[in-house]
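Following: one structure in C-alpha cells, then a few remarks.
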Amino acid sequence: MTVSALTRPGERDRLIVKFGEVDWVFGLTLFLIAGSGALMLFSIAGSSWDPWAAKHLARFGLCFAMMIMLAMVDLRVWFALAYPIYGLGLLLLLAVEAVGDVRLGAQRWLSVGGFSFQPSEVMKLGIVLALARYYHGASADRARLSWWLLVPAAMIGVPVLLVAHQPDLGTAMLIAMTGAAIVVLAGLSWRIIIAGITAALVAIPPFVMFVMHDYQRKRVLTFLDPENDPSGSGYHILQSMIALGSGGLLGKGYGLGSQSQLNFLPEKQTDFIFATLAEEFGFVGCVTVLAFYAAVIFMGLRTAYVSHSHFGRLAAAGVMATFTLYVLINGAMVMGLAPVVGVPMPMLSYGGTVMLTVMIGFGLVQSVRVHRYSEVTSGKGSLV
Amino acid sequence: MAEPAIFFEEVNQRQGEFHRRAFMMGGVAGLGVLGLAGRLAYLQLLETARFEKLAVSNQFNFKLVPPPRGLILDRNGVVLASNRPNFRLLVARDKGVDPQATLHTLAEFVPLDDSRQARLLRDISNAPKRSPVQVMEDMSWEQFSAINLRIPELPGVTADMGEVRVYPHGGAFAHVIGYVAKVNKEDLAPVGPNADPILLNPGFRIGRQGVEKAFDLQLRGKPGAHKVEVDANGREVREDTQGDIPAVPGQEIQLTLDADIQNRAMEVFGDESGAAVVMDCRSGDILCMFSGPSFDANRFVRGLSGAEYRQLANYERKPLFNKALTATYPPGSTFKTMVALAALEAGYDPKTVHVCNKAWAWGGRVWHCDEHHGAQDLHTAIATSCDIYFYQCALFVGPDKIADMARRFGLGDLFDIGIPGQKKGLVPDTAYKKRVFKKDPKWHPGETPSFGIGQGYTHLNPLQLCVMAARLANGEKALHPRLVKSIGGKELPVGSAFGDLPVDKAHIQFVRDAMKAVTTIGTAKATADMGLGDIKMAGKTGTAQGFNYNGGRGVHGTAGPWHLRDHAWFVAYAPYDDPRYAISVLIEHGGFGGAAAAPRAREIMRTTLLKDPEIRARVEKPMPMPQIPDDPSDSDRIPEPPTVIAPGPTGGLA
C-alpha cells in the first residue's frame, strides 16, 4: 500500500487499512510481558496451568482482541464519548459511596447483576479522556496559566477525593498523578509545576500523620523502617527484597525460587510477581522484562507524538502515563523503594481488572495511532 | 460547535509544547526504569550474598537432635548410669490447632486427668508457637503406636522416641553420681555452654548433683541437627538428610567405684544413717563411697512432686545429704592414732604407763573413761581406747603437734575428687583458737585432753578419715583419693602420685600393731577375723559425742532417743600383713563404734577383699595335702610337688 493510496479520500477508513496501521510490534511486546507473567504464574503454582497461568493467558487473549477492536473505533467516537465516560465514572463513584460493597475494610466494589467491579477503574480511563477532551479545546494560554486551570483541577480533584474516601489511596494517587501528567503535557506553566511539587512535598508529612488511616500510616512508617517489624508489616517488603536479592545475576532457576515456592513471598501471584521473576530469573530476567516495559512506554509515547490531533496526543500520552506509573510504583514497592500500595505490575501480575483497564487504555492508544491523521473537531467526518 | 476559534499558529504552539513535554515525560519514564534497573543491580548483584543467606535461613530449619548422654561406669565397666528409650508425646501450638480439643482427644489414649490437662493447656499457650510441650513421657509401646496411627488427624501432635537417663542401681550411687533433672529458668545462661538452645528441648535433662553435675558438659555431648525445609508457616515440606549434622554423644566417665562393694555397703547400712568410704591404699582409688539412707535417683529424672521432695528433705536422717563428704563429725577415738603418732614423734616413750580408774582428776575437774582399764601403755591404750591414757598423752604432746600430725594424714583437707560438696571440717590448734576466738584467743590446757580423744572443736568427714586410714596403711605415700578414673577414655592421675608421707615408718608400724590389737583383743575384737583365713583386718573404733541437728546434750551408747546418741566410727585396713584397702565407716547416732560401725566395716571390707583376685587366690589356695604313696607301676615317675600359691609379702613394712 502506497502513501498515495492512503491519501485517497476514504481510503484510511477502510477496516483492512486500519488493521494494518495498528502497531503490531507494540502488541507483540505486550504479549511478551503477559507471556512472562504466565510463565511465572505457571512456576509458582507448582508447574501447573491451574489456577493462574492458563487464565492469565486467556484473559490476555480476550483483552488483546478487545484492544484491536477498540483500535478500530474512530477517534471522533472516543472524543464524543470522553465526557460521558467521565460522567459515568463520577456517577459510579457516587454510587459506590452510597451502596458499594465493603471488602477488606474498604468500599470499592460495585456489584451489578453478579458482576462486581471497581468504579475507580472506569475513572482511570475517564480522567484521561475528559482532560484530553478539555485541553483539545483550550488555547495554549489557558493551558499555561489562567483561571481556566481551575476547570481541569476540579475535574481531577472530585474523583480523586471520592476514591480517596473509599478509602483507596493508591488508586486516588494514580488518578491524581495521571491527571497531573496530562495537565503538564498540555503546557502548564513551569511556575505552577514547581509550586505544585513543592506544595506536595511540604504536605506529605502532615498528610501522613493526620489524614491517613492507621493502616495506611503504618504501611508508610514500615516502609521507612522495615526492620522495625519484620514479621508484621515490614514482612512483605523484607521478604520481597530477599527474593530479589537472592536471585542474583541469573536467578535460582525456573521453579526453584524458595521464597515464592514456600510462600515466604506475600501476594506472589499479584503485586509481588516481579519478585518471583527476580528470584527465579535473576537480574538478567528482570532487566529483560523491564526492557519490554520501556519499549511499550516508548512506543506508546511515539504514538502520542505523531498524532495530528491534540486530543489524540493527550489521550495516548495520558494512558501511557498511567501505565508508566503502574510500572514504576510496583517496581519501587517490590524493590523496597516505596510503601506497600496495592498497585500490580500491569500485564505481568495476575488479575483481571487491571489487565482490562490497561488494555482498554491501549485500545485507545492504538486508536490514536490508527487515526493519527484525523482531525477530530473540524474537517470532513467530524462528529462534533 | 461552540469551540473558540483555534488559529493555526496556536495549534502549532500547542503541538510544539506537547512535543517538548512528551519528550520530557519519556525522559522521566526512562530515568524511572533505569532507576529500577539500578536498584535491581544493587540488590541482585552487590547484595546477593546477604539476601541469599536470608533466603536460606527462611527456607531451612534445623531441628536439634539431642546427643545421647555419656555413660557412667564403675571400675569394672558395670553401667551405673545409662539411657533408655522413652516414648514421648508432644503438643505444639500452631495455626489451626485447638490445644484443648487435642488434649481431650489424647486423653482417650493416655491418662490425662482434668487438672493435668489444664496445666498442660497453660504450658502450651505460654510456649512459643510451634515449640512442642511434653505432654506425656514413658508411654508404653501400645500407647505410642496407637497415637502414632492417629497422628495425621491430630495437627500439632508428635509422638517420638527420646532417651531418658536411667540409674540401674537405684539408690546405691545416688549421692556420688547425683542425677539429672529438668532444666530450670535459672540454668539458662545468656552466654557459655548453658546458652545452648538444646537446653530448651523438651525432655532435655541437666546434671544436678554429683558426677552428673560436675561433669555435665563432658557427659552432655554436642547436639546434632536435622535439616528440614519449611514453608512460610513453618511446616515441614521436605527433609534434607544430607544437611544433617550428627549429634556427638557425651563422653563416657569411668569411676573408681566398684558396684559390688557399693551395693554391699547399701545392704549393710539398712536404715542406718551414715557413710562408708573404701579406698585402695596403694593407688588412692575410692572403691566405695556410700551415704545412707539413700534415695532413688530415677525419681528425680522424671521430676519429684512437692510432697515427695518434702518427705525426703524433712526426714531426720537426711537422705539427700552426701554424708561421706558434706557432713562432718567429731572423729572420736579414731583420732587417737594421730595423737599416738604425734607423741612418738615428740619422743614419748610408748612404754609409759598410766593407770585408768575410770575417772581422772586434772585441772580442777574430773575426766571420765568408759571403763576401768587399769595400767595401760600406749599400745594397750589404743587397743582399749582408754580416754584417761590419751588425756595425759595429749597433754604431753600439746595441741599443735597433734594438729600437725593430723594434717599430714589429710585431716581437715579438701581433696580434688571431681565432685562438689566436700566440707573441710576442722583440726584445731592454738593458731586457730587465736584467729577465730577473738574474746578468748588462748588455748587453755583444759582443751587439750578432749582434743586428745577426738572431741572438742575437731570435726571431720568420712572421706578424710578414710584417707587417714589409707595413708596409715600405705605408710609411704601421702595418698590422695581418686573418684574419677577416666573421662572419655582419658585416664586421670592416680592418687599415689602425690608425694611421700613424712612420718617415721617405725611409728606407723607401732600404731598399726596397736590397730591390730583393736580388732583382736580391743574394742572391736570380733572383727579382725573375716572368715577369710589368714587375711585379717586392723582398725580403730571411735564413739563420738555428737553435735546433733537439734542441739542439746548427747547420750552415751544406744540409750535414749536416736538424735541424741553418739556417732559410731570405725576406720580400718586389710589385709593386716599386706595392706591393700582402707575403710572408714560412720554410723550417725549409731552408739558405740565397736558395735555399730566395726561389724559393718567388716562386711564391706570382706566384699572388697573378695573382689581382689590376688586376695582371692590367697583365700582359696589349695590345702597342703599329705603326699600320696607312689604307684608301684609308675615308680620311675618323679612326683610333682603340689602347687602352693605363696602367701603375699607378709609384714613387709615391719
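Computed from a prediction, not measured in an experiment: that's the story for all the values here. Sequence lines set the chain letters: A, B, ... in the order given, protein chains first and strands last, and positions in each chain run from 1. Both backbone and side-chain heavy atoms feed into the values below; hydrogens, waters and symmetry mates do not.
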For A:I297, is it the side chain, the backbone, both or neither that has a heavy atom under 4.5 Å from a heavy atom of chain B?
side chain
Consider only side-chain N and O atoms of A:E280 and A:Q261, and report whether a donor and an acceptor are under 3.5 Å apart.
yes
Shortest non-hydrogen pair, A:A82 vs A:A130, comes out as CB-N, 4.3 Å
Is the count of non-hydrogen atoms from other residues, nucleotides or ligands lying under 6.0 Å from A:Y83 atom OH greater than 12?
yes
Using a cut-off of under 4.5 Å for heavy-atom pairs, which of B:R21, B:M24, B:M25, B:E47 has the most such pairs with chain A?
B:R21
Contact origin within B:A41 toward chain A - heavy atom pairs under 4.5 Å:
both
Leading residue by heavy atom contact count with chain A [cutoff under 4.5 Å; candidates B:F51, B:F23, B:Y42]
B:F51
Tell me whether the count of non-hydrogen atoms from other residues, nucleotides or ligands lying under 6.0 Å of CE in A:M299 goes above 12.
yes
Shortest non-hydrogen contact from B:T48 toward A:G248
CG2-CA, 3.6 Å
Below 4.5 Å, heavy-atom pairs only: which of A:Q259, A:M335, A:E279, A:M320 has the largest tally toward chain B?
A:M335
Chain B heavy atoms under 4.5 Å from A:L188: which part of the residue, side chain, backbone, both or neither?
both
Please check: side-chain N/O of B:S57 versus main-chain N/O of B:L54, any donor-acceptor pairing under 3.5 Å?
yes
Which atoms of B:L45 are under 4.5 Å from chain A, going by heavy atoms: the side chain, the backbone, both sets, or neither?
side chain
Determine the option with the most heavy-atom pairs under 4.5 angstrom with chain A, choosing from B:L46, B:L34, B:L36, B:V33.
B:L36
For the side chain of A:S240 and the backbone of A:V334, is there at least one donor-acceptor N/O pair under 3.5 Å apart?
yes
Counting only heavy atoms closer than 4.5 Å, note whether A:L244 contacts chain B via side chain, backbone, both or neither.
both
B:P85 to B:M161 - nearest heavy-atom pair and separation
CB-SD, 4.0 Å
Do A:Y373 and A:H308 have side-chain heavy atoms sitting under 4.5 Å apart?
yes
Can you tell me if A:H310 and A:R313 form a side-chain donor-acceptor pair at under 3.5 Å?
yes
Give the member of A:A317, A:G247, A:G282 that has the highest number of heavy-atom pairs under 4.5 Å with chain B.
A:G282
Side chain, backbone, both or neither of A:F274 within contact of chain B (heavy atoms, under 4.5 Å):
side chain
For chain B, which of A:A294, A:A332, A:C286, A:A186 has the most heavy-atom pairs under 4.5 Å?
A:C286
Using non-hydrogen atoms only, which part of A:Y135 is less than 4.5 Å away from chain B: side chain, backbone, both, or neither?
backbone
Counting heavy-atom pairs closer than 4.5 Å to chain A, which one of B:Q59, B:E17, B:E52, B:K53 comes out on top?
B:Q59
Taking every non-hydrogen pair under 4.5 Å, which of A:V184, A:L185, A:L314, A:L337 racks up the most with chain B?
A:L185
Given that the side chain runs from C-beta out, which part of A:A321 has a heavy atom under 4.5 Å from chain B: side chain, backbone, both or neither?
both
Angle class for the B:H19/A:Y305 ring planes (parallel below 30°, perpendicular above 60°, tilted otherwise)?
parallel
So which part of A:A278 gets closer than 4.5 Å to some heavy atom of chain B, the side chain, the backbone, both or neither?
both
